[in-house]
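Report on the structure given below.
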Protein chains: 2
Amino acid sequence: LGPLLFESAPGVGRHEVIIECPEHLANPARLSDEQLRDVFLAYRDRLVALADEPGLRYAAVFKNVGAEAGASLGHCHSQIVATPIIPDNIQAELDGAKHHHDRHGRCIFCDIVASELADGARVVARSPGFVALVPAAARFAYELWVLPTHHASRYETLTPADAAELAGLMKRVVRALDAVLRDPAYNWFLHAAPLRSPDLPHYHWHFELMPRTSRPAGFEWGTGCFINAVPAETAAAELRAATM
Amino acid sequence: LGPLLFESAPGVGRHEVIIECPEHLANPARLSDEQLRDVFLAYRDRLVALADEPGLRYAAVFKNVGAEAGASLGHCHSQIVATPIIPDNIQAELDGAKHHHDRHGRCIFCDIVASELADGARVVARSPGFVALVPAAARFAYELWVLPTHHASRYETLTPADAAELAGLMKRVVRALDAVLRDPAYNWFLHAAPLRSPDLPHYHWHFELMPRTSRPAGFEWGTGCFINAVPAETAAAELRAATM
């Protein structure tokens, strides 16, 4: 049955937990600016280190906040799961971005950033080098993406100054989520180029934040389609107001 | 932005709720054999009826049991959401099955049924025409598939006798789930050929049952990979014992 159904990959990987503060804080919005900056730098440092491990192809970097979002620990932490495969969702995103670049000669995320900044209706907050927005076809109500405004495919190029700026913007964003949704459970997930990638003209690293305002049910699990009853513009307007 | 990012489909569809019993029962395991048979026949009748509606391409038939599985009503019910697209997950399954048939000249689900019945370790229960098994690479702990043992791509070919037999097997399965996992929340989802399909040599209708024993978190949502700590053989052995 094995060779008939499965393509095999070697059974290797890494699972790391990043403990984000010595004191017991459960809400990342309460981390200091320096602590959150160091979290973003730790992600970078671990991606660099994991690239040296033979057999690993991708490192999934993510955070679970709240039991409803799957967190089994209260204390602020992030996790890294490195795998010998490029996960399906990431490969599909890479393929889609490549397809757009082949057709239009541009990075689709750069196109989204430019279009959203020009339009403004789905922008939640920005800093000189980053923008937080509600994607036009968000799967989850109040879903947010945080992207560098300039093209960058490899998260490993993040500088300490970038990390400090990203931390400042991310704190505004999670505080807005806490205010609008009353301390929701959520996940964030880093979308970045695979380990040991060269600079990719078609890809653009970013974070996706997924608040858990409803539970995916049979329809979502069966079809892969998502029901989101909050228009992106409405969610963005509420979150934008809460960042001010 | 629209034409750049989205392929559009007409905004049409149907959402139907099948109320499965006049008395207030919340657990489908307590439906009578006749009631559950009629549920499976109602699915068939609605697929036949929806095929006549212009613009609809797929009808997702599913059941949510328990709040943790997304149910917002207690009273036993199923839902049908018909869409003008073939959902991604279904299309991927159709494509994968077609690929297997092109390479091997056989239906992959027929191959799975034959292989699993010969091996036995992942089989939970069977009847003359149906089998319930734990798939070898289950996403969810105690996930179950229920398939006809003979090839059938279109659920619309289900006869009243088939429906009665299916109901009997499904009741044994959900009672085993209730016994082993103590009345878990779960979804079931019908995987069937799209509306107005001819008989497909490569596809094979089946139900997938997904108990909610843990909450998918950042890793699952980000990667599309699933962590399942219960080996299929262990889950099948526990469920099999509970059906006896």
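These numbers come from a predicted model, not from an experiment. Naming convention: chains lettered A, B, ... in sequence-line order (proteins, then strands); numbering from 1 in each chain. In what follows, every heavy atom counts, from backbone to side chain, and hydrogens, waters and symmetry copies are set aside.
- By the 6.0 Å contact criterion, NZ on B:Lys98 is open, its count of non-hydrogen atoms from other residues, nucleotides or ligands being 12 or less.
- Across B:Met210, B:Arg212, B:Glu93, B:Gln79, the residue that shares the most heavy-atom pairs under 4.5 angstrom with chain A is B:Arg212.
- The choice from A:Pro87, A:Gly222, A:Gly224 that makes the most heavy-atom pairs within less than 4.5 Å of chain B is A:Gly222.
- The ring-ring contact (aromatic ring centres under 6.0 Å, His included) search around A:His151 returns A:His204, not counting sequence neighbours.
- Remark: A:Arg57 CZ is loosely packed, at most 12 non-hydrogen atoms of other residues, nucleotides or ligands lying under 6.0 Å away.
- Both the backbone and the side chain of A:Asn89 come within contact range of chain B, each with at least one heavy atom under 4.5 Å from a heavy atom of that chain.
- For the set A:Gly218, A:Ala185, A:Gly96, A:Ser214, the count of heavy-atom pairs under 4.5 angstrom toward chain B peaks at A:Gly218.
- Contacts with chain B were tallied for A:Asn187, A:Leu190, A:Val61; A:Asn187 has the most, counting heavy-atom pairs under 4.5 Å.
- Taking the ring centroids of B:Phe62 and A:Trp221, they lie at or beyond the 6.0 Å cut-off.
- Residues of residues 63-76 of chain A that come within less than 4.5 angstrom of chain B, heavy atom to heavy atom, are A:Asn64, A:Ala67, A:Glu68, A:Ala69, A:Gly70 in numerical order.
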Pair B:His15-A:Phe219, side chain to side chain contact (heavy atoms under 4.5 Å, CB included): steps then yes or no: CA-CA 11 Å; B:His15 184 190; A:Phe219 180 73; over 6 Å; no
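- More than 12 heavy atoms of other residues, nucleotides or ligands sit less than 6.0 Å from atom CG of A:Leu117.
- When each of A:Pro216, A:Ala60, A:Cys225 is scored by its heavy-atom pairs under 4.5 Å with chain B, the top score falls to A:Pro216.
- Neither the backbone nor the side chain of A:Phe207 comes within contact range of chain B, judged by heavy atoms closer than 4.5 Å.
- Heavy atoms closer than 4.5 Å to chain B are found nowhere in A:Arg103, neither backbone nor side chain.
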